[in-house]
K.L.:
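This structure is in structure tokens; I'll ask about it shortly.
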Protein chains: 2
Amino acid sequence: MSETQPTPRFRQRAAKMGELVARQILEDIVEQGLSPGAALPTEAQMLQAYGVSRGTLREALRILEHNGLLQVRPGRGGGPIVGAVDPHTFGRTMALFMQMGRTRFGELVEARVIMEPLMARLAAERRDAARLRELAESMREHSTLEERDEASYLAVMQRFHGVVAGLSGNGVLDLFGRALKEIYTERVVAAERRPERWEDVRREHQAVAAAIADGDGAEAERLMRAHMLALADHLERDYAGLHDEVVGWW
Amino acid sequence: MSETQPTPRFRQRAAKMGELVARQILEDIVEQGLSPGAALPTEAQMLQAYGVSRGTLREALRILEHNGLLQVRPGRGGGPIVGAVDPHTFGRTMALFMQMGRTRFGELVEARVIMEPLMARLAAERRDAARLRELAESMREHSTLEERDEASYLAVMQRFHGVVAGLSGNGVLDLFGRALKEIYTERVVAAERRPERWEDVRREHQAVAAAIADGDGAEAERLMRAHMLALADHLERDYAGLHDEVVGWW
DNA sequence: CGCCATTTGTCCGTATGTATA
DNA sequence: TTATACATACGGACAAATGGC
């Protein structure tokens, strides 16, 4: 906000036990090279291993669980397992910060209108062979969609944007772009749910994909921008008031 | 990665109490429009307000505290206080996801080369009055820097990019841009530590600021891109091998 | 300086819910 | 259906830190 002071904040994080234990657990996971899904010691075992109380340990587990680094399930055969850190989880964390910053939904949409064309251009300029196959696969999904239900339609359309993000060849933009998409779709179940738009969206996607495959960066960017603007336009019409709504953590 | 499956994983977040309470607390903070530093109810009061046990409440507080959204201090006059949306904290979280995705440092630099000019253009096109004053303040810092030490120099240069991010007028890009900067500066203490570059950097910043103040978006974008490319170039020379290093969590 | 009040930090014991066999 | 293993949640107690007197 104001930031009048030159940031002298001695954020002397008092090093609470819970957080220290969380760090230790994470360190142990990394050291042992455990993969997502791998079982971790049970709560009772960790209690012994780290020599803290239940309350403290549970604080640590919550921190890690919230960041998707592990998952805890009750019941027999349950317990903590290593989690997969995916864009969905990252999107949730990002939404947390957005809510705190009173970021409005319109800003999120605007960010996507900016980022998606940008990634489309990069995708066209690079055309990584392996990833182009993913794009081809996505387009195949697009064509064989006619008879499917609404849920499938949405899944296919969403996956398209994920593929383009991956095609950008930049892991940072990829992560960011996917996270935005996750936040977006979490709130807006379907901006283009209206069947009369389906065919349009499909054509727009195909046009973008063609431009990418041709290596025409400028065209891919232009087409994707038009597509995103159309999407934003319909969103504005179908979800009046959403524009000024503060993004919420879910 | 492969994502062959249509993401059927029913990530059925079991809705644990601690997380629900955390969400509620955050919602209350936003609803009441509390600013950083404002006092929140004490643990005892929250216990009553949310009707949960202490352990559960403390899990919620830890989640929020870990993300810097609030701070808790013990002792008389202590208790929870509202924190700031801290790009540094967010950057740390983001770096964690990058590490998991084996993102290389070069990709981070590239993302900045792309994002910074983009934000400069937006800044010029919008020219929010209040934030332009921050820019003016930053430029004042730039000019009165001659005699200062290295730490001050770096702080001033870093702050410039933060101000431009804020000027973009988009909270999402702002958060993202600042987080990238945080991750970058955490690893690269100083790409332009070499004093012979100082004067150049200062001139480049001033040129960008002038374009923004003039409302010339295209020029601001062009100048910022040139600046970032020069920075990336020097980075490549001074930190050989960094390009292919995987971004690490700290 | 010491004392005291306030508030969080940490621990323990127990009961309840949940998933597997 | 019952039993077992595990996390989830509650309540009470004491220790430690902070700030005012």
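Proteins come first, then strands; the chains are lettered A, B, ... in the order of their sequence lines, and each starts at number 1. Note that this is a predicted model, so its numbers are computed, not measured.
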K.L.:
Could you tell me how far apart E65(B) (CD) and dT7(C) (P) are, to the nearest whole angstrom?
P.N.:
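Those two atoms, CD and P, are 17 Å apart.
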
K.L.:
Using atom CD of Q71(B) as one end and atom P of dG9(C) as the other, report the distance to the nearest whole Å.
P.N.:
12 Å

K.L.:
Over how many whole Å does the gap from R76(B) atom CZ to dT18(D) atom P extend?
P.N.:
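Result: 15 Å.
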
K.L.:
Do E107(B) side-chain atoms and R104(B) backbone N/O form a donor-acceptor pair below 3.5 Å?
P.N.:
yes

K.L.:
Give one of base, sugar-phosphate or nothing for E43(B), where a contact means two heavy atoms less than 4.0 Å apart.
P.N.:
sugar-phosphate

K.L.:
By nearest heavy atom, map G77(A) and M17(A) onto DNA chain C; which one lands nearer the 5' end?
P.N.:
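Of the two residues, M17(A) wins.
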
K.L.:
I'd like to know if the side chain of N170(A) and the backbone of V172(A) have a donor-acceptor N/O pair within less than 3.5 Å.
P.N.:
yes

K.L.:
Expressed in angstrom and rounded to an integer, what is the separation of E19(A) atom CD from dT8(C) atom C1'?
P.N.:
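Rounding to the nearest Å, CD of E19(A) and C1' of dT8(C) are 16 Å apart.
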
K.L.:
Provide, to the nearest angstrom, the distance between the CG atom belonging to L57(B) and the P atom belonging to dT10(C).
P.N.:
15 Å

K.L.:
Taking only the side-chain heavy atoms of V72(A) (C-beta and beyond), determine which of dC10(D), dA7(D), dG9(C) contains the nearest atom.
P.N.:
dA7(D)

K.L.:
Looking only at side-chain N and O atoms, does T42(B) come under 4.0 Å of OP1 or OP2 in dT6(C)?
P.N.:
no

K.L.:
Of the options dA9(D), dC10(D), dT10(C), whose atoms approach the side-chain atoms of R62(A) most closely?
P.N.:
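From the listed options, dA9(D) comes nearest.
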
K.L.:
Whole Å only: how far is the CD atom of E59(B) from the C1' atom of dT10(C)?
P.N.:
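The answer, rounded to whole Å, is 14 Å.
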
K.L.:
Starting from P on dA9(D), measure out to CG on L61(A) and report it in whole angstrom.
P.N.:
13 Å

K.L.:
Can you confirm whether the side chains of E116(A) and H161(A) place a donor and an acceptor under 3.5 Å from each other?
P.N.:
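Looking only at side-chain atoms, H161(A) and E116(A) do form a donor-acceptor pair, the distance falling under 3.5 Å.
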
K.L.:
For a quick check of understanding: with a heavy-atom distance under 4.0 Å over all strands, which category does G79(A) fall into, base, sugar-phosphate or nothing?
P.N.:
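The answer is sugar-phosphate, as G79(A) gets under 4.0 Å only of primed atoms, P, OP1 or OP2.
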
K.L.:
Can R187(B) be said to sit on top of W249(B)'s aromatic six-ring, NZ or CZ under 6.0 Å from centre and within 45° of the ring axis?
P.N.:
no

K.L.:
Check every atom of dA7(D), dT18(D), dC11(C) against the side chain of V52(A) and return the nucleotide holding the closest atom.
P.N.:
dC11(C)

K.L.:
Name the residue closer to the 5' end of DNA chain D, choosing between R54(B) and R58(A) according to the nucleotide with the nearest heavy atom.
P.N.:
R58(A)

K.L.:
Atom NZ of K16(B) to atom C1' of dG17(C): distance rounded to whole Å?
P.N.:
13 Å

K.L.:
When you check the phosphate oxygens OP1 and OP2 of dT8(D), does a side-chain N or O of R73(A) lie under 4.0 Å from one of them?
P.N.:
no

K.L.:
Is it true that the NZ or CZ of R112(A) lies under 6.0 Å from the centre of Y184(A)'s six-membered ring and within 45 degrees of the ring axis?
P.N.:
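Verdict for Y184(A): a cation-pi partner in R112(A).
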
K.L.:
Counting just side-chain N and O atoms, does S53(A) come under 4.0 Å of either OP1 or OP2 of dC11(C)?
P.N.:
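For S53(A), the contact criterion (side-chain N or O under 4.0 Å from OP1 or OP2 of dC11(C)) is met.
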
